[in-house]
2 protein chains.
Amino acid sequence: MTGLRERKKQQTHDALSEAAIALFLARGFDEVSVTDIAEAANVSKPTLFKYFPTKQDLVLHRIADHRHESARVVAAAAVPPVRALREHFLAGLVARDPITGLNDHPQVLAYYRLVFTTPALATRLHQFMDDDERALAAALGGDLAGELLAAQVVSVQRVLSRRNWAVVDAGQPADDRYLDAVTEAETAFDGLPLG
Amino acid sequence: MTGLRERKKQQTHDALSEAAIALFLARGFDEVSVTDIAEAANVSKPTLFKYFPTKQDLVLHRIADHRHESARVVAAAAVPPVRALREHFLAGLVARDPITGLNDHPQVLAYYRLVFTTPALATRLHQFMDDDERALAAALGGDLAGELLAAQVVSVQRVLSRRNWAVVDAGQPADDRYLDAVTEAETAFDGLPLG
DNA sequence: ACAAAAGATTAACTCGGTCAATCTTTTGCC
DNA sequence: GGCAAAAGATTGACCGAGTTAATCTTTTGT
């Protein structure tokens with residue numbers, strides 16, 4: 001029950017992820033091979049792929065952990081979906097949740113810079129957002145309106161967080177950006193139907 | 001000037017694309033190697049990759065040829081952007097343009113079934129739509145409103161054409177689907193700002 | 001006809017990802 | 001507490017996509 005095995009598994013998982021991100025940040029995603037990472041974490045290559053299905057997931061598993069968050073928010077909400085999602089995003093801004101882009105910790109910025117400027121990572125990130133969209137569409141009912149709304153919500157989240165990240169990464173403190181971020185988020189969500 | 005060389009190039013290009021699609025349709029995208037395709041077209045593997053940068057592009061170059069179409073429509077239009085895009089999509093429905101999903105030719109259906117049910121192809125298709133979105137955002141002005149509108153237009157196009165394809169692929173003739181397709185398109189575009 | 005350039009070919013290579021077989025560890029049972 | 005069996009981890013060998021450099025063929029302008 002305690003899981004000595006689980007602890008070792010967790011250790012290996014973390015060792016791989018940390019070694020990978022450190023190497024990627026230092027030398028760039030494409031300049032580091034999975035063999036390098038496996039060596040750095042003292043495991044073999046097949047073992048690495050048992051922990052992370054793709055090289056990209058060594059970086060993105062942190063974000064992937066938030067999978068289907070929008071769908072869950074809608075399912076758990078007592079208010080209309082768009083309103084719940086809007087409030088959830090605004091709460092993320094207040095909390096400086098990295099997923100909103102409004103976080104200026106150097107490590108977080110470097111992490112997102114890696115993700116956004118590496119095509120392979122940006123592509124896989126988009127796949128995750130697609131999953132999110134599908135789950136959200138299902139939570140909103142599988143009809144045309146639900147599909148459209150899901151697609152547009154995900155688009156809004158993506159555009160807003162990318163903009164916030166760009167501004168903060170350019171040097172503006174998150175606290176300075178906050179008010180504009182709120183205004184932009186409200187504008188964007190107001191443009192959605194059933195707002 | 002006549003370009004005997006160009007003709008041969010075109011020939012090789014078409015031979016590769018047609019061999020690839022025929023093999024993919026017969027055996028599935030993942031069950032055919034690029035070596036198989038190169039052999040079928042009587043060229044070497046590096047030559048294949050000089051014509052098509054990736055295996056996926058052997059299939060998707062047809063769609064990729066329509067790149068930045070939305071941006072071009074907006075740039076060339078004399079009416080407001082959303083209106084121009086709406087009319088362009090409706091004209092596509094009338095013309096049974098495969099990109100709208102409203103085309104029931106067996107070859108077209110099989111082609112899109114291949115694209116939509118093969119993860120690697122769907123992913124690369126999404127990359128193309130991302131390019132489209134960026135170009136459209138630029139054509140609409142690089143500001144927040146432009147970025148949001150571009151993202152939502154691309155989402156609408158994607159959702160509409162996927163729905164049309166799904167219905168037609170399930171067996172409904174394109175002509176029977178037409179009226180619903182128009183209604184859904186109008187509904188979707190009406191939900192966009194500045195409609 | 002010929003020189004120069006453009007393109008194709010070959011072989012060898014890198015890298016991401018998978019598989020089958022082997023070995024280690026945990027756990028359920030006596 | 002020890003032990004068999006199953007679950008899981010490890011390894012080396014392997015496959016396919018895509019690249020590179022050197023060589024060879026073909027087209028084209030003169």
Side-chain angles (χ1 to χ4, degrees), chain A residues 1-17 19-21 23-24 26-61 64 114-115 118-125 127, chain B residues 1-17 19-21 23-24 26-61 64 114-115 118-125 127:
Chain A
M1 192 59 114
T2 90
L4 179 146
R5 192 172 225 157
E6 310 245 326
R7 247 177 299 148
K8 281 191 88 170
K9 227 179 145 176
Q10 186 67 34
Q11 263 184 326
T12 304
H13 179 98
D14 294 352
L16 279 168
S17 172
I21 291 180
L23 287 170
F24 291 154
R27 291 161 35 197
F29 185 78
D30 296 318
E31 267 56 56
V32 179
S33 73
V34 292
T35 306
D36 294 338
I37 298 161
E39 273 178 22
N42 286 316
V43 297
S44 66
K45 194 164 58 139
T47 298
L48 182 152
F49 282 110
K50 281 188 76 175
Y51 283 87
F52 298 94
T54 70
K55 184 185 180 185
Q56 288 93 309
D57 289 328
L58 284 159
V59 177
L60 294 177
H61 69 98
L114 176 69
V115 170
T118 303
L121 292 174
T123 294
R124 185 119 175 97
L125 181 59
Q127 287 178 13
Chain B
M1 191 57 114
T2 92
L4 179 147
R5 191 170 228 156
E6 310 245 327
R7 247 177 300 147
K8 279 190 90 171
K9 232 180 143 176
Q10 186 67 34
Q11 263 183 327
T12 305
H13 179 98
D14 294 353
L16 280 168
S17 171
I21 292 181
L23 286 170
F24 290 154
R27 290 161 37 197
F29 184 79
D30 295 317
E31 266 57 55
V32 179
S33 73
V34 292
T35 306
D36 294 337
I37 298 161
E39 273 178 21
N42 287 314
V43 298
S44 67
K45 194 165 57 139
T47 298
L48 182 153
F49 283 110
K50 281 186 77 173
Y51 283 87
F52 298 93
T54 70
K55 185 184 179 185
Q56 288 93 309
D57 289 329
L58 284 160
V59 176
L60 294 176
H61 68 98
L114 176 69
V115 170
T118 304
L121 293 174
T123 295
R124 186 122 177 95
L125 181 59
Q127 287 178 14

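Chain letters run A, B, ... following the sequence lines, proteins first, then strands; residues in each count from 1. Nothing here was measured: the structure is a model prediction, and the numbers come from that model.
Considering every non-hydrogen atom in both A/Ile37 and A/Leu16, the closest pair reads CG2-O, 3.9 Å. Across all non-hydrogen atoms, the minimal contact from A/Pro53 to A/Phe49 is O-CD2, 3.7 Å.
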Anything under 3.5 Å between a donor and an acceptor, one on a side chain of residues 38-48 of chain A, the other on a protein residue two or more places apart or in another chain? List them.
unit_1, atom_1, unit_2, atom_2, d
A/Ser44, OG, A/Thr47, OG1, 3.0

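With rounding to whole Å, A/Asp57 atom CG is found 13 Å from C/dG17 atom C1'. The NE2 atom of B/His13 sits 15 Å away from the P atom of C/dG7 (whole-angstrom rounding). Rounded to whole angstrom, the span from the CG atom of A/Leu16 across to the P atom of D/dA9 amounts to 12 Å. Between A/Lys50 atom NZ and D/dA9 atom P the separation is 5 Å, expressed in whole Å. What separates CZ of A/Phe24 from P of C/dC15 is a distance of 13 Å, to the nearest Å. Atom CZ of B/Phe49 is separated from atom P of C/dT9 by 14 Å (rounded to the nearest Å). Atom pair A/Glu31:CD and C/dG16:P shows a separation of 11 Å (rounding to whole Å applied). Across the protein-nucleic acid pair, A/Leu48 atom CG and D/dG12 atom C1' stand 16 Å apart, rounded to whole Å.
Shown for residues 34-47 of chain B: residues whose heavy atoms fall under 4.0 angstrom of DNA chain C, namely B/Asn42, B/Val43, B/Ser44, B/Pro46, B/Thr47.
If you check every strand for non-hydrogen atoms under 4.0 Å, A/Phe52 touches nothing. When heavy atoms are screened at a 4.0 angstrom cut-off, B/Thr12 is found touching no nucleic acid atom at all.
Residues meeting the ring pair (Phe, Tyr, Trp, His ring centres under 6.0 Å) test with A/Phe52, sequence neighbours left out: A/His13, A/His61. Judged as a side chain to side chain donor-acceptor pair (under 3.5 Å), and not counting sequence neighbours, the contacts of B/Thr123 are A/Gln127. Here A/Asp14 pairs with nothing under the salt bridge (Lys or Arg N to Asp or Glu O under 4.0 Å) rule; sequence neighbours left out. Here A/Asp36 pairs with A/Arg27 under the salt bridge (Lys or Arg N to Asp or Glu O under 4.0 Å) rule; sequence neighbours left out.
For the pair B/Tyr51 and C/dA8, the criterion of a side-chain N or O lying under 4.0 Å from OP1 or OP2 is met.
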